[in-house]
Amino acid sequence: MSSFRSDFLRTLHERGFIHQCTDPEGLDALAAAGGLPGYIGFDATADSLHVGSLVQIMMLRWLQKTGNKPVVLMGGGTTKVGDPSGRDESRRMLTDEQIGQNMAGIRKVFSQFLSFGEGAADAVMVNNADWLDRIEYIPFLRDVGRHFTINRMLSFESVRLRLEREQPLTFLEFNYMILQAYDFMELSRRLGCQLQMGGSDQWGNIVNGIELTRRIDGRELFGLTTPLITLASGAKMGKTASGAVWLNTERLSAYDYWQFWRNTEDADVGRFLRLFTELPLDEIARLERLGGSEINEAKKILANEATTLCRGAAAAEEAAETARRTFEEGSLAEGLPTIEVAAPEIEAGIPVVDLLVRAGLAASKGEARRLIRGNGARLNDAAVADEAAALRTADLTGDGTAKLSAGRKRHVLVKVL
RNA sequence: GGAGGGGUUGCCGAGUGGUUAAAGGCAGCAGACUGUAAAUCUGCCCGCGUCAGCGUUCGUUGGUUCGAAUCCAACCCCCUCCA
(Lines give C-alpha, C1' and ligand atoms only; values in the text may rest on other atoms or scores of the structure.)
Protein backbone atom coordinates (compact mmCIF):
# COMPACT_ATOMS: atom_id res chain seq x y z
CA MET A 1 0.00 0.00 0.00
CA SER A 2 2.94 2.30 -0.58
CA SER A 3 1.83 3.43 -4.00
CA PHE A 4 -0.52 6.24 -3.03
CA ARG A 5 -1.15 8.78 -5.75
CA SER A 6 -2.39 11.53 -3.49
CA ASP A 7 0.12 13.72 -1.72
CA PHE A 8 -1.99 13.45 1.37
CA LEU A 9 -2.00 9.70 1.86
CA ARG A 10 1.51 9.27 0.55
CA THR A 11 2.81 11.75 3.11
CA LEU A 12 0.85 10.24 5.95
CA HIS A 13 2.03 6.80 4.98
CA GLU A 14 5.69 7.74 4.67
CA ARG A 15 5.65 9.54 7.98
CA GLY A 16 4.01 6.81 9.95
CA PHE A 17 0.58 8.30 10.60
CA ILE A 18 -1.54 5.49 9.27
CA HIS A 19 -2.76 2.66 11.42
CA GLN A 20 -5.98 1.61 9.73
CA CYS A 21 -7.91 2.89 6.75
CA THR A 22 -11.36 1.76 5.62
CA ASP A 23 -10.76 1.95 1.87
CA PRO A 24 -7.27 3.18 0.99
CA GLU A 25 -7.76 3.10 -2.77
CA GLY A 26 -11.06 4.96 -2.67
CA LEU A 27 -9.75 7.56 -0.29
CA ASP A 28 -6.57 7.96 -2.31
CA ALA A 29 -8.59 8.81 -5.39
CA LEU A 30 -10.62 11.39 -3.52
CA ALA A 31 -7.60 13.01 -1.90
CA ALA A 32 -5.75 13.12 -5.20
CA ALA A 33 -8.56 15.17 -6.66
CA GLY A 34 -8.02 17.74 -3.90
CA GLY A 35 -10.42 19.85 -1.90
CA LEU A 36 -11.46 16.88 0.24
CA PRO A 37 -12.94 17.97 3.55
CA GLY A 38 -11.81 15.74 6.40
CA TYR A 39 -12.43 16.11 10.08
CA ILE A 40 -11.25 15.09 13.50
CA GLY A 41 -13.30 15.54 16.64
CA PHE A 42 -11.87 16.91 19.87
CA ASP A 43 -13.58 16.75 23.20
CA ALA A 44 -13.64 19.89 25.29
CA THR A 45 -12.66 18.23 28.55
CA ALA A 46 -9.84 20.68 29.31
CA ASP A 47 -8.99 24.20 28.25
CA SER A 48 -6.01 23.01 26.27
CA LEU A 49 -5.02 19.98 24.26
CA HIS A 50 -1.79 18.16 25.05
CA VAL A 51 0.77 16.30 22.98
CA GLY A 52 -1.50 13.28 22.98
CA SER A 53 -3.59 15.11 20.38
CA LEU A 54 -0.65 16.34 18.39
CA VAL A 55 -0.64 13.44 15.94
CA GLN A 56 -4.22 14.29 14.99
CA ILE A 57 -3.43 17.98 14.71
CA MET A 58 -0.46 17.28 12.45
CA MET A 59 -2.69 15.14 10.29
CA LEU A 60 -5.11 18.01 9.80
CA ARG A 61 -2.15 20.21 8.97
CA TRP A 62 -0.96 17.80 6.31
CA LEU A 63 -4.48 17.60 4.98
CA GLN A 64 -4.40 21.34 4.47
CA LYS A 65 -0.87 21.39 3.11
CA THR A 66 -1.76 18.83 0.49
CA GLY A 67 -4.62 20.85 -0.88
CA ASN A 68 -7.54 19.57 1.12
CA LYS A 69 -9.83 21.08 3.72
CA PRO A 70 -9.40 20.42 7.43
CA VAL A 71 -12.47 20.53 9.61
CA VAL A 72 -12.02 20.74 13.36
CA LEU A 73 -15.02 19.39 15.16
CA MET A 74 -15.34 20.68 18.68
CA GLY A 75 -17.26 18.26 20.84
CA GLY A 76 -19.35 20.87 22.59
CA GLY A 77 -22.24 18.43 22.59
CA THR A 78 -20.52 15.07 22.95
CA THR A 79 -18.42 16.33 25.84
CA LYS A 80 -21.67 16.51 27.79
CA VAL A 81 -22.03 12.78 27.27
CA GLY A 82 -18.48 11.52 27.74
CA ASP A 83 -16.57 9.07 25.56
CA PRO A 84 -16.22 5.77 27.41
CA SER A 85 -13.32 4.67 25.18
CA GLY A 86 -10.30 3.61 27.18
CA ARG A 87 -11.79 4.60 30.47
CA ASP A 88 -12.82 2.64 33.48
CA GLU A 89 -14.84 5.40 34.97
CA SER A 90 -17.31 7.94 33.77
CA ARG A 91 -15.96 11.31 32.96
CA ARG A 92 -16.69 14.14 35.27
CA MET A 93 -19.72 16.10 34.26
CA LEU A 94 -18.86 19.50 32.91
CA THR A 95 -21.11 22.51 32.89
CA ASP A 96 -21.92 24.38 29.69
CA GLU A 97 -19.77 27.28 30.87
CA GLN A 98 -16.76 25.08 31.46
CA ILE A 99 -17.17 23.50 28.08
CA GLY A 100 -17.41 26.92 26.49
CA GLN A 101 -14.23 28.06 28.20
CA ASN A 102 -12.45 24.89 27.23
CA MET A 103 -13.39 25.30 23.60
CA ALA A 104 -12.05 28.84 23.62
CA GLY A 105 -8.70 27.58 24.90
CA ILE A 106 -8.52 24.78 22.36
CA ARG A 107 -9.38 27.16 19.55
CA LYS A 108 -6.17 29.05 20.28
CA VAL A 109 -4.10 25.92 19.75
CA PHE A 110 -5.57 25.29 16.35
CA SER A 111 -5.04 28.80 15.10
CA GLN A 112 -1.34 28.05 15.50
CA PHE A 113 -1.41 24.93 13.34
CA LEU A 114 -4.06 25.62 10.74
CA SER A 115 -5.07 28.52 8.60
CA PHE A 116 -8.74 29.29 9.08
CA GLY A 117 -10.97 31.24 6.76
CA GLU A 118 -13.74 31.16 4.21
CA GLY A 119 -11.80 29.85 1.22
CA ALA A 120 -12.05 26.35 -0.19
CA ALA A 121 -8.76 25.22 1.34
CA ASP A 122 -9.20 27.11 4.59
CA ALA A 123 -9.76 25.23 7.79
CA VAL A 124 -13.09 25.55 9.54
CA MET A 125 -14.18 24.84 13.06
CA VAL A 126 -17.61 23.55 13.94
CA ASN A 127 -19.30 22.63 17.19
CA ASN A 128 -21.48 19.56 17.38
CA ALA A 129 -23.57 21.17 20.09
CA ASP A 130 -25.08 23.12 17.17
CA TRP A 131 -26.97 20.05 16.07
CA LEU A 132 -26.79 17.63 18.99
CA ASP A 133 -28.37 20.04 21.45
CA ARG A 134 -31.46 20.27 19.29
CA ILE A 135 -32.06 16.59 18.72
CA GLU A 136 -35.60 15.46 19.44
CA TYR A 137 -35.53 12.16 21.22
CA ILE A 138 -38.29 10.16 19.54
CA PRO A 139 -37.54 11.25 15.97
CA PHE A 140 -33.86 10.59 16.61
CA LEU A 141 -34.55 7.10 17.91
CA ARG A 142 -36.74 6.32 14.90
CA ASP A 143 -34.36 7.73 12.31
CA VAL A 144 -31.00 6.85 13.77
CA GLY A 145 -31.54 4.47 16.66
CA ARG A 146 -33.09 1.78 14.52
CA HIS A 147 -29.84 1.36 12.63
CA PHE A 148 -27.94 0.32 15.73
CA THR A 149 -28.35 -3.10 17.22
CA ILE A 150 -27.50 -3.55 20.85
CA ASN A 151 -25.82 -6.81 19.92
CA ARG A 152 -23.32 -4.96 17.81
CA MET A 153 -22.88 -2.04 20.17
CA LEU A 154 -21.99 -4.44 22.96
CA SER A 155 -19.26 -5.92 20.83
CA PHE A 156 -17.40 -2.63 20.42
CA GLU A 157 -14.25 -2.43 22.41
CA SER A 158 -15.09 0.75 24.29
CA VAL A 159 -18.20 -0.91 25.65
CA ARG A 160 -16.92 -4.45 25.92
CA LEU A 161 -13.88 -3.49 27.98
CA ARG A 162 -15.98 -1.59 30.45
CA LEU A 163 -18.30 -4.53 30.86
CA GLU A 164 -15.50 -7.07 31.07
CA ARG A 165 -13.66 -5.08 33.65
CA GLU A 166 -16.77 -5.03 35.73
CA GLN A 167 -16.98 -1.26 35.59
CA PRO A 168 -20.34 0.40 35.27
CA LEU A 169 -21.27 1.95 31.96
CA THR A 170 -24.17 4.34 32.09
CA PHE A 171 -26.81 4.65 29.41
CA LEU A 172 -25.63 8.22 28.92
CA GLU A 173 -22.15 7.08 27.89
CA PHE A 174 -23.53 4.16 25.96
CA ASN A 175 -25.04 6.73 23.61
CA TYR A 176 -21.71 8.34 22.82
CA MET A 177 -20.94 6.15 19.84
CA ILE A 178 -24.34 6.83 18.34
CA LEU A 179 -23.84 10.57 18.66
CA GLN A 180 -20.40 10.40 17.13
CA ALA A 181 -21.73 8.35 14.25
CA TYR A 182 -24.46 10.92 13.80
CA ASP A 183 -21.83 13.68 13.78
CA PHE A 184 -20.12 12.11 10.81
CA MET A 185 -23.37 11.92 8.89
CA GLU A 186 -24.23 15.49 9.82
CA LEU A 187 -20.84 16.76 8.69
CA SER A 188 -21.09 14.90 5.43
CA ARG A 189 -24.43 16.59 4.87
CA ARG A 190 -23.39 20.05 5.98
CA LEU A 191 -19.83 20.29 4.71
CA GLY A 192 -19.47 17.35 2.40
CA CYS A 193 -17.05 15.76 4.83
CA GLN A 194 -16.17 12.36 3.51
CA LEU A 195 -13.29 11.57 5.82
CA GLN A 196 -13.03 11.21 9.55
CA MET A 197 -9.69 10.66 11.18
CA GLY A 198 -8.74 9.89 14.75
CA GLY A 199 -6.67 7.79 17.10
CA SER A 200 -6.81 4.02 16.85
CA ASP A 201 -9.25 3.95 19.75
CA GLN A 202 -11.74 5.80 17.57
CA TRP A 203 -11.91 3.13 14.89
CA GLY A 204 -15.19 1.69 16.08
CA ASN A 205 -16.83 5.07 16.39
CA ILE A 206 -15.66 6.08 12.94
CA VAL A 207 -16.87 2.88 11.32
CA ASN A 208 -20.27 3.37 12.94
CA GLY A 209 -20.56 6.77 11.31
CA ILE A 210 -19.64 5.35 7.94
CA GLU A 211 -22.23 2.61 8.18
CA LEU A 212 -24.95 4.88 9.48
CA THR A 213 -24.45 7.30 6.62
CA ARG A 214 -24.39 4.54 4.04
CA ARG A 215 -27.69 3.20 5.34
CA ILE A 216 -29.52 6.48 5.64
CA ASP A 217 -28.00 8.62 2.89
CA GLY A 218 -26.46 5.94 0.70
CA ARG A 219 -23.27 7.94 0.74
CA GLU A 220 -19.77 6.48 0.95
CA LEU A 221 -17.52 7.85 3.68
CA PHE A 222 -13.98 7.03 4.72
CA GLY A 223 -12.11 6.53 7.96
CA LEU A 224 -8.47 6.67 8.89
CA THR A 225 -6.80 6.11 12.23
CA THR A 226 -3.36 6.77 13.65
CA PRO A 227 -1.37 4.33 15.74
CA LEU A 228 -1.17 4.86 19.47
CA ILE A 229 2.04 6.78 20.02
CA THR A 230 4.09 5.32 22.82
CA LEU A 231 7.70 5.82 23.78
CA ALA A 232 10.29 3.29 22.75
CA SER A 233 10.47 2.32 26.41
CA GLY A 234 6.79 1.45 26.29
CA ALA A 235 5.47 4.27 28.42
CA LYS A 236 2.65 6.52 27.32
CA MET A 237 3.85 9.63 25.64
CA GLY A 238 3.31 13.07 27.05
CA LYS A 239 4.26 13.07 30.69
CA THR A 240 6.90 15.24 32.28
CA ALA A 241 7.90 15.85 35.84
CA SER A 242 5.32 18.58 36.10
CA GLY A 243 2.44 16.72 34.44
CA ALA A 244 0.90 16.67 31.00
CA VAL A 245 2.61 18.37 28.10
CA TRP A 246 0.11 21.05 27.20
CA LEU A 247 0.06 22.82 23.89
CA ASN A 248 -1.23 26.13 25.28
CA THR A 249 1.30 28.68 26.48
CA GLU A 250 -0.87 29.41 29.50
CA ARG A 251 -0.46 25.83 30.65
CA LEU A 252 3.14 25.14 29.73
CA SER A 253 5.95 27.55 28.93
CA ALA A 254 7.72 27.41 25.59
CA TYR A 255 10.89 26.52 27.45
CA ASP A 256 9.30 23.47 29.09
CA TYR A 257 7.71 22.49 25.80
CA TRP A 258 11.09 22.70 24.08
CA GLN A 259 12.66 20.68 26.88
CA PHE A 260 10.06 17.97 26.50
CA TRP A 261 11.18 17.35 22.93
CA ARG A 262 14.82 17.80 23.77
CA ASN A 263 14.56 14.95 26.24
CA THR A 264 13.23 12.47 23.72
CA GLU A 265 14.71 9.00 24.00
CA ASP A 266 17.27 8.15 21.33
CA ALA A 267 15.14 5.38 19.91
CA ASP A 268 12.21 7.73 19.34
CA VAL A 269 13.99 10.56 17.56
CA GLY A 270 13.40 9.41 13.99
CA ARG A 271 9.79 8.51 14.52
CA PHE A 272 9.05 11.76 16.30
CA LEU A 273 10.79 13.83 13.63
CA ARG A 274 8.54 12.24 11.02
CA LEU A 275 5.36 12.70 13.03
CA PHE A 276 5.90 16.02 14.74
CA THR A 277 7.99 18.06 12.33
CA GLU A 278 7.73 18.80 8.63
CA LEU A 279 11.37 18.25 7.82
CA PRO A 280 12.01 16.40 4.55
CA LEU A 281 12.31 12.66 4.96
CA ASP A 282 15.86 12.43 3.65
CA GLU A 283 16.94 15.01 6.19
CA ILE A 284 15.25 13.01 8.93
CA ALA A 285 16.93 9.84 7.71
CA ARG A 286 20.28 11.59 8.01
CA LEU A 287 19.51 12.86 11.51
CA GLU A 288 18.39 9.56 12.88
CA ARG A 289 21.56 7.89 11.68
CA LEU A 290 23.59 10.06 14.03
CA GLY A 291 25.12 7.89 16.69
CA GLY A 292 26.25 8.40 20.25
CA SER A 293 26.11 11.90 21.61
CA GLU A 294 25.69 13.32 18.12
CA ILE A 295 22.06 12.41 18.21
CA ASN A 296 21.67 15.28 20.64
CA GLU A 297 21.87 17.55 17.62
CA ALA A 298 18.89 15.74 16.15
CA LYS A 299 17.01 16.21 19.40
CA LYS A 300 17.66 19.92 19.36
CA ILE A 301 16.36 20.11 15.83
CA LEU A 302 13.31 18.13 16.87
CA ALA A 303 12.74 20.52 19.76
CA ASN A 304 13.22 23.58 17.58
CA GLU A 305 10.90 22.35 14.87
CA ALA A 306 8.17 21.10 17.17
CA THR A 307 8.26 24.25 19.28
CA THR A 308 8.18 26.44 16.19
CA LEU A 309 5.04 24.71 14.95
CA CYS A 310 3.24 25.05 18.24
CA ARG A 311 4.59 28.28 19.70
CA GLY A 312 6.17 30.13 16.81
CA ALA A 313 9.76 30.58 15.69
CA ALA A 314 10.58 33.35 18.15
CA ALA A 315 9.49 31.33 21.15
CA ALA A 316 11.43 28.33 19.87
CA GLU A 317 14.63 30.31 19.43
CA GLU A 318 14.30 31.83 22.84
CA ALA A 319 13.72 28.45 24.44
CA ALA A 320 16.69 26.98 22.61
CA GLU A 321 18.89 29.82 23.77
CA THR A 322 17.72 29.52 27.36
CA ALA A 323 18.44 25.81 27.26
CA ARG A 324 21.84 26.38 25.69
CA ARG A 325 22.89 28.80 28.38
CA THR A 326 21.50 26.67 31.15
CA PHE A 327 22.89 23.32 30.07
CA GLU A 328 25.86 24.06 27.89
CA GLU A 329 27.25 27.05 29.70
CA GLY A 330 25.78 26.28 33.08
CA SER A 331 25.00 29.91 33.51
CA LEU A 332 21.95 31.57 34.91
CA ALA A 333 19.63 32.18 32.00
CA GLU A 334 16.72 34.51 31.58
CA GLY A 335 13.79 32.70 30.10
CA LEU A 336 13.64 29.90 32.59
CA PRO A 337 10.30 29.51 34.33
CA THR A 338 10.21 32.25 36.93
CA ILE A 339 8.53 32.82 40.25
CA GLU A 340 8.44 36.17 41.95
CA VAL A 341 8.86 36.92 45.61
CA ALA A 342 8.45 40.15 47.52
CA ALA A 343 11.55 42.00 48.64
CA PRO A 344 10.66 42.03 52.37
CA GLU A 345 10.31 38.25 52.27
CA ILE A 346 13.79 37.82 50.92
CA GLU A 347 15.21 40.14 53.52
CA ALA A 348 13.65 37.98 56.20
CA GLY A 349 14.94 34.87 54.45
CA ILE A 350 12.65 32.39 52.69
CA PRO A 351 13.18 28.74 53.55
CA VAL A 352 14.38 26.84 50.50
CA VAL A 353 11.80 24.19 51.31
CA ASP A 354 9.01 26.72 50.78
CA LEU A 355 10.57 28.03 47.61
CA LEU A 356 10.76 24.56 46.11
CA VAL A 357 7.06 24.14 46.69
CA ARG A 358 6.19 27.59 45.36
CA ALA A 359 8.29 26.98 42.28
CA GLY A 360 6.45 23.75 41.59
CA LEU A 361 9.64 21.77 41.95
CA ALA A 362 8.20 19.81 44.86
CA ALA A 363 4.58 18.90 45.57
CA SER A 364 4.80 19.37 49.33
CA LYS A 365 7.21 20.58 51.92
CA GLY A 366 7.89 17.01 52.88
CA GLU A 367 8.85 16.21 49.32
CA ALA A 368 11.04 19.31 49.23
CA ARG A 369 12.78 18.16 52.39
CA ARG A 370 13.39 14.75 50.94
CA LEU A 371 14.79 16.34 47.82
CA ILE A 372 17.29 18.27 49.92
CA ARG A 373 18.09 15.20 51.99
CA GLY A 374 18.71 13.25 48.79
CA ASN A 375 21.10 15.92 47.63
CA GLY A 376 18.86 16.85 44.71
CA ALA A 377 18.13 20.49 45.50
CA ARG A 378 20.43 23.24 44.35
CA LEU A 379 20.56 26.97 44.79
CA ASN A 380 22.65 28.77 42.21
CA ASP A 381 24.14 25.41 41.24
CA ALA A 382 25.40 24.69 44.75
CA ALA A 383 23.80 21.73 46.49
CA VAL A 384 21.57 22.71 49.36
CA ALA A 385 22.95 20.74 52.29
CA ASP A 386 20.64 21.85 55.04
CA GLU A 387 16.89 21.38 55.10
CA ALA A 388 16.57 24.56 57.08
CA ALA A 389 18.49 26.63 54.55
CA ALA A 390 16.91 29.88 53.46
CA LEU A 391 17.26 32.14 50.49
CA ARG A 392 18.67 35.49 51.54
CA THR A 393 19.50 38.71 49.82
CA ALA A 394 23.13 37.65 49.65
CA ASP A 395 22.17 34.73 47.40
CA LEU A 396 20.81 37.02 44.72
CA THR A 397 22.82 37.95 41.69
CA GLY A 398 23.24 41.52 40.57
CA ASP A 399 19.87 41.76 38.85
CA GLY A 400 18.02 40.31 41.81
CA THR A 401 17.55 36.70 40.76
CA ALA A 402 18.59 33.29 41.98
CA LYS A 403 18.44 29.90 40.29
CA LEU A 404 16.68 27.14 42.13
CA SER A 405 17.03 23.60 40.80
CA ALA A 406 15.57 20.18 41.47
CA GLY A 407 17.93 17.72 39.94
CA ARG A 408 20.02 18.66 36.97
CA LYS A 409 17.20 19.31 34.58
CA ARG A 410 14.51 21.26 36.36
CA HIS A 411 15.36 24.87 36.98
CA VAL A 412 13.33 27.84 38.14
CA LEU A 413 14.38 31.44 38.46
CA VAL A 414 13.47 33.25 41.67
CA LYS A 415 13.06 36.92 41.09
CA VAL A 416 12.58 39.71 43.58
CA LEU A 417 9.76 42.07 42.82
C1' G B 1 -35.31 -13.70 46.17
C1' G B 2 -31.31 -17.50 48.21
C1' A B 3 -25.85 -18.81 48.99
C1' G B 4 -20.90 -17.35 48.84
C1' G B 5 -16.61 -13.77 47.67
C1' G B 6 -14.79 -8.87 47.69
C1' G B 7 -14.01 -3.12 48.31
C1' U B 8 -6.30 -1.42 51.19
C1' U B 9 -2.09 4.48 50.38
C1' G B 10 -1.53 7.01 41.98
C1' C B 11 -2.20 1.77 39.80
C1' C B 12 -1.62 -3.63 40.74
C1' G B 13 -1.50 -6.33 45.12
C1' A B 14 0.01 -8.44 50.47
C1' G B 15 -1.75 -7.88 55.26
C1' U B 16 -6.87 -10.90 59.38
C1' G B 17 -6.03 -7.53 67.08
C1' G B 18 -0.54 -4.35 69.02
C1' U B 19 6.35 -4.94 66.45
C1' U B 20 1.54 -1.60 60.46
C1' A B 21 1.87 4.75 57.64
C1' A B 22 0.66 -0.61 56.29
C1' A B 23 5.07 -6.31 52.34
C1' G B 24 6.12 -6.63 47.18
C1' G B 25 5.71 -4.86 42.07
C1' C B 26 4.71 -0.74 38.60
C1' A B 27 4.65 4.41 37.84
C1' G B 28 7.07 8.88 39.81
C1' C B 29 11.29 11.92 42.03
C1' A B 30 16.49 12.28 43.27
C1' G B 31 21.81 10.40 43.40
C1' A B 32 25.77 7.57 40.69
C1' C B 33 27.22 6.35 35.58
C1' U B 34 26.42 9.15 30.79
C1' G B 35 25.26 12.41 25.97
C1' U B 36 19.85 17.15 29.26
C1' A B 37 19.43 9.39 26.09
C1' A B 38 18.52 4.26 27.30
C1' A B 39 19.93 0.34 30.46
C1' U B 40 21.88 -0.53 35.33
C1' C B 41 22.81 0.33 40.58
C1' U B 42 21.35 3.30 45.14
C1' G B 43 18.01 6.31 47.96
C1' C B 44 13.13 8.46 48.46
C1' C B 45 7.98 7.86 47.69
C1' C B 46 0.41 10.50 53.03
C1' G B 47 0.68 15.56 55.44
C1' C B 48 2.99 18.83 59.19
C1' G B 49 7.49 19.15 62.01
C1' U B 50 12.94 22.73 65.94
C1' C B 51 13.25 15.06 63.44
C1' A B 52 11.48 14.19 69.44
C1' G B 53 7.11 13.54 67.52
C1' C B 54 2.11 15.00 65.97
C1' G B 55 -2.07 14.54 62.60
C1' U B 56 -4.85 11.92 58.99
C1' U B 57 -5.39 6.97 55.94
C1' C B 58 -7.25 0.73 54.54
C1' G B 59 -15.94 1.48 50.95
C1' U B 60 -19.50 4.38 54.78
C1' U B 61 -21.41 4.82 59.75
C1' G B 62 -21.57 3.01 64.49
C1' G B 63 -19.76 -0.67 68.23
C1' U B 64 -16.30 -4.24 71.06
C1' U B 65 -11.25 -3.52 73.05
C1' C B 66 -6.05 -0.56 76.89
C1' G B 67 -5.36 -0.98 71.44
C1' A B 68 -8.63 -2.38 64.95
C1' A B 69 -7.01 -2.15 58.02
C1' U B 70 -7.65 -6.57 61.00
C1' C B 71 -13.39 -8.55 65.48
C1' C B 72 -19.05 -7.25 65.53
C1' A B 73 -23.53 -4.59 63.37
C1' A B 74 -25.96 -1.78 59.80
C1' C B 75 -25.60 0.50 55.17
C1' C B 76 -23.50 1.45 50.03
C1' C B 77 -21.06 -0.67 45.76
C1' C B 78 -18.89 -4.86 42.84
C1' C B 79 -18.34 -10.16 41.51
C1' U B 80 -19.69 -15.57 41.34
C1' C B 81 -23.25 -19.47 41.82
C1' C B 82 -28.47 -20.95 42.51
C1' A B 83 -33.77 -19.52 41.52
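Computed from a prediction, not measured in an experiment: that's the story for all the values here. Reminder, nothing fancy here: chain letters follow the sequence lines and each chain counts from 1.
- B:U19 is unpaired under the criterion used here, namely a Watson-Crick or G-U wobble arrangement in which both key atom distances are under 3.5 Å.
- Remark: C1' of B:C29 and CG of A:L356 are 12 Å apart, rounded to the nearest angstrom.
- Rounded to an integer number of Å, the gap from A:I372 CD1 to B:C51 C1' is 14 Å.
- In this entry B:C44 has B:G28 as its Watson-Crick or G-U wobble partner, both defining distances falling under 3.5 Å.
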> Taking it one step at a time, do A:K409 and A:N263 satisfy side chain to side chain donor-acceptor pair (under 3.5 Å)?
Replying inline: CA-CA 10 Å; A:K409 283 199 228 173; A:N263 284 306; 3.3 Å; yes
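- If you take CZ of A:F272 and C1' of B:A38, they are 14 Å apart, rounded to a whole angstrom.
- Taking only distance into account, the side chain of A:D266 meets the base of B:G35 through a donor-acceptor pair shorter than 3.5 Å.
- To the nearest angstrom, C1' of B:U36 lies 16 Å from CG of A:D268.
- Between the P atom of B:U50 and the CG atom of A:D386 lies a distance of 11 Å, rounded to the nearest Å.
- A:S364 has no side-chain polar atom (N or O) that falls below the 4.0 Å cut-off from OP1 or OP2 of B:C46.
- Two rings, from A:F8 and A:H13, have their centers 6.0 Å or more apart.
- A:W258 places its CH2 atom 12 Å from the P atom of B:U36, with the value rounded to the nearest Å.
- Aromatic ring pairs are classed by plane angle as parallel below 30°, tilted from 30° to 60° and perpendicular above 60°; the pair A:F260 and A:Y257 is tilted.
- Residues A:K403 and A:L336 are in side-chain contact: their nearest non-hydrogen atoms beyond the backbone lie under 4.5 Å apart.
- OP1 or OP2 of B:U50 sits under 4.0 Å from a side-chain N or O of A:R369.
- Taking atom CD of residue A:E367 and atom P of nucleotide B:C46, one finds them 10 Å apart after rounding to whole Å.
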